[in-house]
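FYI, side chains are in, hydrogens and waters are out, and symmetry mates aren't considered; it's all heavy atoms of this structure. What you see is a predicted model; the values in this text were computed from it and never measured.
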Amino acid sequence: MKARFLAFWLARAPRERAMLGAAAAVILIALLYVALWEPLVNQRAVLAKQLPRLQADLAQMQRSIALIKAAGGAPGVARSDDLRQAVTASLGQRNIKADIQAQPDNRLKIDATEVAFSQVLDLLSGLQRETGAHAVSADISSQQSNGIVHFTAVVTR
């Protein structure tokens, strides 16, 4: 194969070799552009478009962490009302639609399928602050790239 190519190449006139070399260089540059450069530029544009939203999410998370830490230092407010009613009221104040299931040991399982991540953090800090309840476990999974998550938590007092 190599000998065949070398014979083909040597059979060409110097001017034709120069033109074939230039054409090969142009094709190589075009392939590198399409295969490497263009996807990188497109991905950079996508990331630049997402950056402001991600920065806002980060700022909200940092504020929520500060609230949770502040609420964690103070003892929770013990309420005499039913935990289910208190959790339902807290969900209602935040317009979060969720299924609530009773669990053993005075625990409740909250399952919300479509809720903003910032609302989840606000709910968790609010539950402790308003009802004295705290999350025993929490699972947050992203369904979409717009900050909407599926949230499941087990809370108790």
Side-chain angles (χ1 to χ4, degrees), residues 1-2 5 21-157:
M1 177 99 169
K2 187 176 180 181
F5 173 75
V26 167
I27 290 171
L28 179 65
I29 290 171
L31 284 174
L32 288 175
Y33 175 80
V34 170
L36 297 175
W37 187 257
E38 187 176 17
L40 290 175
V41 170
N42 289 341
Q43 185 62 29
R44 183 173 185 234
V46 168
L47 292 174
K49 195 168 137 181
Q50 291 177 345
L51 186 61
R53 183 186 49 80
L54 293 173
Q55 287 173 331
D57 287 349
L58 175 62
Q60 177 63 34
M61 284 185 247
Q62 289 171 336
R63 287 190 299 271
S64 296
I65 287 171
L67 285 173
I68 290 170
K69 283 182 180 179
V77 179
R79 302 275 186 216
S80 61
D81 56 333
D82 183 34
L83 179 60
R84 178 184 281 276
Q85 290 174 349
V87 169
T88 303
S90 190
L91 288 167
Q93 287 175 350
R94 291 165 179 81
N95 294 321
I96 297 175
K97 304 284 189 250
D99 292 327
I100 302 173
Q101 299 171 353
Q103 303 275 303
D105 299 329
N106 194 30
R107 295 180 178 192
L108 292 177
K109 180 178 180 182
I110 303 169
D111 187 15
T113 55
E114 290 186 5
V115 61
F117 183 74
S118 59
Q119 284 183 300
V120 170
L121 295 176
D122 182 47
L123 173 68
L124 290 175
S125 64
L127 280 174
Q128 185 170 8
R129 192 175 53 250
E130 297 161 5
T131 68
H134 64 277
V136 175
S137 67
D139 180 42
I140 302 170
S141 58
S142 176
Q143 293 180 324
Q144 304 167 8
S145 62
N146 61 359
I148 303 298
V149 297
H150 178 239
F151 166 67
T152 304
V154 176
V155 297
T156 189
R157 282 196 181 147

S.K.: Go through the side-chain N and O atoms of Gln60 and Arg63 and say whether any donor and acceptor fall under 3.5 Å apart.
M.R.: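 A pair is found: one side chain offers a donor N or O, the other an acceptor, under 3.5 Å apart.
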S.K.: Leu123 versus Phe151: any side-chain heavy-atom pair under 4.5 Å?
M.R.: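 Side chain of Leu123 against side chain of Phe151, heavy atoms only: contact under 4.5 Å found.
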S.K.: I need the minimum non-hydrogen distance between Arg84 and Ile100, along with the two atoms involved.
M.R.: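 Nearest heavy atoms, Arg84 then Ile100: NH1-O, 3.3 Å.
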S.K.: Contact between Val155 and Thr131 at the side-chain level, heavy atoms closer than 4.5 Å - yes or no?
M.R.: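 SC-SC contact between Val155 and Thr131 ruled out.
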S.K.: Considering non-hydrogen atoms only, spot the tightest contact between Arg107 and Val136 and give its length.
M.R.: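 Shortest heavy-atom separation between Arg107 and Val136 comes out as NH1-CG1, 3.5 Å.
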S.K.: Minimum heavy-atom separation for Val34 to Pro39, with atom names?
M.R.: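 In this case the closest contact between Val34 and Pro39 is O-CD, 3.4 Å.
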S.K.: Calculate, to the nearest 0.5 Å, the distance between atoms CD and CZ belonging to Gln128 and Arg157 respectively.
M.R.: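 Output value for this atom pair is 12.0 Å.
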S.K.: Considering non-hydrogen atoms only, spot the tightest contact between Ser142 and Val149 and give its length.
M.R.: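 Heavy atoms only, the tightest pair is CA-CG1, 4.2 Å.
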S.K.: Out of curiosity, Glu38 CD to Leu32 CG, how far, rounded to the nearest 0.5 Å?
M.R.: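 Between atom CD of Glu38 and atom CG of Leu32 there are 13.0 Å.
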S.K.: Can you tell me how far the CE atom of Met61 sits from the CG atom of Asp57, to the nearest 0.5 Å?
M.R.: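 Reported value, rounded in 0.5 Å steps: 5.0 Å.
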S.K.: Just how far is it from atom CD1 of Ile110 to atom CG of Leu124, taken to the nearest 0.5 Å?
M.R.: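 The CD1 atom of Ile110 sits 7.5 Å away from the CG atom of Leu124.
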S.K.: Do Asp111 and His150 have side chains that approach each other closer than 4.5 Å (heavy atoms only, starting at C-beta)?
M.R.: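 Of all side-chain heavy-atom pairs linking His150 with Asp111, at least one is under 4.5 Å.
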S.K.: Output, in order, the C-alpha distance, side-chain angles, deciding distance and verdict of side chain to side chain donor-acceptor pair (under 3.5 Å) for Ser90 and Arg94.
M.R.: CA-CA 7 Å; Ser90 190; Arg94 291 165 179 81; 2.8 Å; yes
S.K.: To the nearest 0.5 Å, tell me how far Ile29 CD1 sits from Trp37 CH2.
M.R.: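 Rounded to the nearest 0.5 Å, the CD1-CH2 separation comes out at 13.5 Å.
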S.K.: Within a strict 4.5 Å, meaning less than it, do heavy atoms of the Leu51 and Leu47 side chains meet?
M.R.: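 Side chain of Leu51 against side chain of Leu47, heavy atoms only: no contact under 4.5 Å found.
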S.K.: Hey, could you give me the OG1/CD distance between Thr156 and Gln103, rounded to the nearest 0.5 Å?
M.R.: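 Reported value, rounded in 0.5 Å steps: 10.5 Å.
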